[in-house]
Visitor: 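Can you keep this structure in mind? I'll have questions shortly.
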2 protein chains.
Amino acid sequence: MDSVFNQIRPYKIPEEIVHQIKSLIKEGKLQPGEKLPPERTLAEHFGVGRSSLREAINILETLGFVEIKKRKGIYIRSVSSPIMSDPLIQILEEDESNLYKLYELRKDIELASTYMAAEHRTSSDLSKMLKPLKRMEEDAERAHFSLSDDVEFHLAIAQATHNFLRVHILKNILDLADDYMGLIAWKLIEETTGVFLILDQHKKIYEAVKKKDPHGARSMMEEHLTWVEEKWKAFGTK
Amino acid sequence: MDSVFNQIRPYKIPEEIVHQIKSLIKEGKLQPGEKLPPERTLAEHFGVGRSSLREAINILETLGFVEIKKRKGIYIRSVSSPIMSDPLIQILEEDESNLYKLYELRKDIELASTYMAAEHRTSSDLSKMLKPLKRMEEDAERAHFSLSDDVEFHLAIAQATHNFLRVHILKNILDLADDYMGLIAWKLIEETTGVFLILDQHKKIYEAVKKKDPHGARSMMEEHLTWVEEKWKAFGTK
DNA sequence: AAAATGTGATGGTCAGACCAAGCTAACTAA
DNA sequence: TTAGTTAGCTTGGTCTGACCATCACATTTT
């Protein structure tokens with residue numbers, strides 16, 4: 001533990017320290033489970049104040065590189081599971097009820113998309129919607145339900161607005177809620193009627209988009225999303 | 001900013017603070033872009049030492065909830081990154097014509113927000129809308145126009161939906177278009193009538209939200225956004 | 001040998017101080 | 001009057017030194 005640590009000089013002391021220790025871990029000079037010297041000693045090694053050293057260690061702990069054990073010391077962690085999750089994901093994971101906020105946003109975007117899709121859809125857009133619809137129809141006969149077909153259908157509508165942002169954002173939102181979407185799909189298979197109902201709703205949306213009826217398409221989509229939402233909430237309370 | 005912060009007592013002070021601030025963001029009591037009081041003041045509010053407060057802020061920064069700007073202050077960040085993902089932002093910055101797509105999305109979200117705001121607004125929401133409105137009124141007399149007041153008004157509407165995601169996403173979108181928004185603002189000042197027109201539109205939106213008229217509010221907002229869009233396109237082609 | 005005691009090590013917290021770098025406003029010089 | 005300058009304030013960044021609570025471990029006592 002003699003001179004592995006280089007003196008700090010130029011800018012943003014804690015970040016420099018973070019960088020150095022990260023490098024040492026990467027180079028294997030600091031092994032997982034290894035104990036670092038106490039704060040005071042470390043600060044002296046680096047030639048910085050204890051506050052700066054502490055900040056650095058805190059950042060490293062937040063990032064998951066080290067673990068601070070009270071009255072024990074600072075230990076290098078195995079960085080096998082780098083779960084660097086995004087702030088929004090943290091909030092969503094914290095409390096499931098936040099997913100309803102996300103669903104609200106999805107509705108905002110999808111309802112607007114459906115309206116515009118009905119106005120601007122081309123025949124090629126229609127066939128893109130039809131593909132997952134057909135597959136879902138076949139599945140329904142066997143009381144199956146494939147979430148990916150459902151997603152594909154909704155994305156096809158977003159695509160029909162000819163605004164790539166709507167597609168990507170919707171996809172991002174659906175990915176965020178993926179776990180729970182899967183749960184809903186699972187439940188739907190149990191009650192076979194649900195599968196047929198969704199299929200029927202999708203068909204009606206498709207028809208409205210096909211005949212270029214923005215208001216109709218929009219309200220069908222609203223009905224559909226609201227139905228799913230209620231189903232979802234019902235499952236959630238069980 | 002009086003008593004949003006609760007005194008800290010029990011265990012692990014910095015983590016308590018982190019939790020409180022995360023909650024405040026989730027509840028929408030801290031808006032994206034909002035500036036927190038300086039460290040010393042915050043520490044006093046929480047009743048803790050500056051070191052502890054600093055640790056908390058550092059953790060929040062590492063997690064991506066706040067941004068620390070030297071000699072400026074601590075700012076709440078938009079937590080919508082998985083939705084408005086980096087690659088998406090890159091694409092947007094690459095090609096100016098994509099901004100029209102972005103504006104479409106903004107309309108989707110703001111129209112839905114305005115509708116819901118008119119349904120759910122509280123009196124406190126109204127006063128948050130009123131503040132930038134009043135400032136804009138005073139500015140208009142002097143043929144001034146402050147973009148930040150405009151943004152604040154729109155964000156206040158999003159806030160009135162009581163869905164923090166809407167606020168964060170809208171802020172994100174507005175930030176992305178910031179340069180161009182600034183350009184529009186500049187042009188508007190040249191033709192004084194534009195400033196008054198915007199003020200008038202804002203007022204009408206406010207009134208509709210106040211009297212809980214979702215459809216009215218929505219269509220006023222649509223009129224407003226469409227007008228700005230046309231103005232913008234007109235400038236763009238010059 | 002077992003129990004009680006004490007001492008030191010360690011992270012947690014606080015208070016106060018100084019610095020550098022921006023911002024603002026008052027001031028000075030043209 | 002105007003433009004440039006200066007002085008002071010604010011803010012995050014950093015350092016120092018101090019005190020606390022708790023645990024580990026060695027020492028002492030029974």
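It should be emphasised that the depicted structure is a prediction, and the values quoted were computed from it without experimental measurement. Reminder, nothing fancy here: chain letters follow the sequence lines and each chain counts from 1.
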Visitor: In whole Å, I'd like the distance from the NZ atom of B/K70 to the C1' atom of D/dT11.
Guide: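 After rounding, the reported distance stands at 11 Å.
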Visitor: Under 3.5 Å, which donor-acceptor pairs link side chains of residues 79-88 of chain B to any protein atom two or more places apart or in another chain?
Guide:
unit_1: B/S80; atom_1: OG; unit_2: B/N172; atom_2: ND2; d: 2.7
unit_1: B/S81; atom_1: OG; unit_2: A/D86; atom_2: OD1; d: 2.9
unit_1: B/S81; atom_1: OG; unit_2: A/D86; atom_2: OD2; d: 2.4

Visitor: Send over the distance from A/I57 CD1 to C/dG12 C1', rounded to a whole Å.
Guide: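 Atom-to-atom, A/I57 to C/dG12, this comes out as 14 Å.
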Visitor: Can you work out whether A/S51 or A/R71 has the more 5'-proximal nearest nucleotide on DNA chain C?
Guide: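 Looking at the nearest nucleotide for each, A/R71 comes out on the 5' side.
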Visitor: Decide yes or no on salt bridge (charged side-chain N to carboxylate O under 4.0 Å, His left out) for A/R50 and A/E39, but give the supporting numbers first.
Guide: CA-CA 7 Å; A/R50 200 182 156 207; A/E39 290 181 348; 2.8 Å; yes
Visitor: Over its full length, what angle do the end axes of the helix from C/dA1-D/dT30 to C/dA30-D/dT1 make, each axis taken from five pairs and the result rounded to 10 degrees?
Guide: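 Overall, the helix from C/dA1-D/dT30 to C/dA30-D/dT1 bends by 30° from one end axis to the other.
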Visitor: Before accepting this row, confirm whether a basic side-chain N of the pair A/E229/A/K107 lies closer than 4.0 Å to the acidic partner's carboxylate O.
Guide: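 The answer is yes: the pair qualifies as a salt bridge.
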Visitor: Do A/H154 and A/L225 touch side chain to side chain, with heavy atoms closer than 4.5 Å?
Guide: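 They are in contact (side-chain heavy atoms under 4.5 Å apart), so the answer is yes.
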Visitor: B/I59 CD1 to C/dT13 P: how many Å, rounded?
Guide: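 It works out to 10 Å between those atoms.
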Visitor: Could you work out, with ring-ring contact (aromatic ring centres under 6.0 Å, His included) as the rule, every residue matching B/Y103, not counting sequence neighbours?
Guide: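 Applying ring-ring contact (aromatic ring centres under 6.0 Å, His included) to B/Y103 gives B/W232.
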Visitor: Please produce a list of atom pairs where a protein N or O lies less than 3.5 Å from an N or O of nucleotides 17-19 of chain C.
Guide:
unit_1: C/dA17; atom_1: N6; unit_2: B/R50; atom_2: NH2; d: 3.2

Visitor: I'd like to check the ring-ring contact (aromatic ring centres under 6.0 Å, His included) partners of B/F153; sequence neighbours left out, ordered by chain and number.
Guide: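 Result, ring-ring contact (aromatic ring centres under 6.0 Å, His included) vs B/F153: B/H202.
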Visitor: Can you name the residues that form a salt bridge (Lys or Arg N to Asp or Glu O under 4.0 Å) with B/R135, not counting sequence neighbours?
Guide: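 Salt bridge (Lys or Arg N to Asp or Glu O under 4.0 Å) list for B/R135, sorted by chain: B/D149, B/E152.
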Visitor: Write down the distance between CG (B/L53) and P (D/dG13), rounded to a whole number of angstrom.
Guide: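 Spelled out: CG on B/L53 to P on D/dG13 is 12 Å.
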Visitor: Both conditions, 6.0 Å and 45 degrees, for the charged tip of A/K101 above the ring of B/F164: are they met here?
Guide: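 Ring-cation test returns no.
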Visitor: Using whole Å, report how far NZ of B/K72 lies from P of C/dG22.
Guide: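 To the nearest whole Å, that distance equals 10 Å.
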Visitor: Touch check for A/S52, heavy atoms < 4.0 angstrom, all strands: base, sugar-phosphate only, or nothing?
Guide: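 The answer is sugar-phosphate, as A/S52 gets under 4.0 Å only of primed atoms, P, OP1 or OP2.
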Visitor: Output the rounded distance in Å from CZ (A/R54) to C1' (D/dG13).
Guide: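 Those two atoms, CZ and C1', are 16 Å apart.
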Visitor: At what distance, to the nearest 0.5 angstrom, does CG of A/L170 lie from CD1 of A/I109?
Guide: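 It is 7.0 Å, given to the nearest 0.5 Å.
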Visitor: Roughly, in whole Å, what's the span from CD1 in A/I74 to P in C/dA9?
Guide: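 About 16 Å, once rounded to whole Å.
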Visitor: Write down the distance between CD (B/E16) and P (C/dG12), rounded to a whole number of angstrom.
Guide: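 Spelled out: CD on B/E16 to P on C/dG12 is 15 Å.
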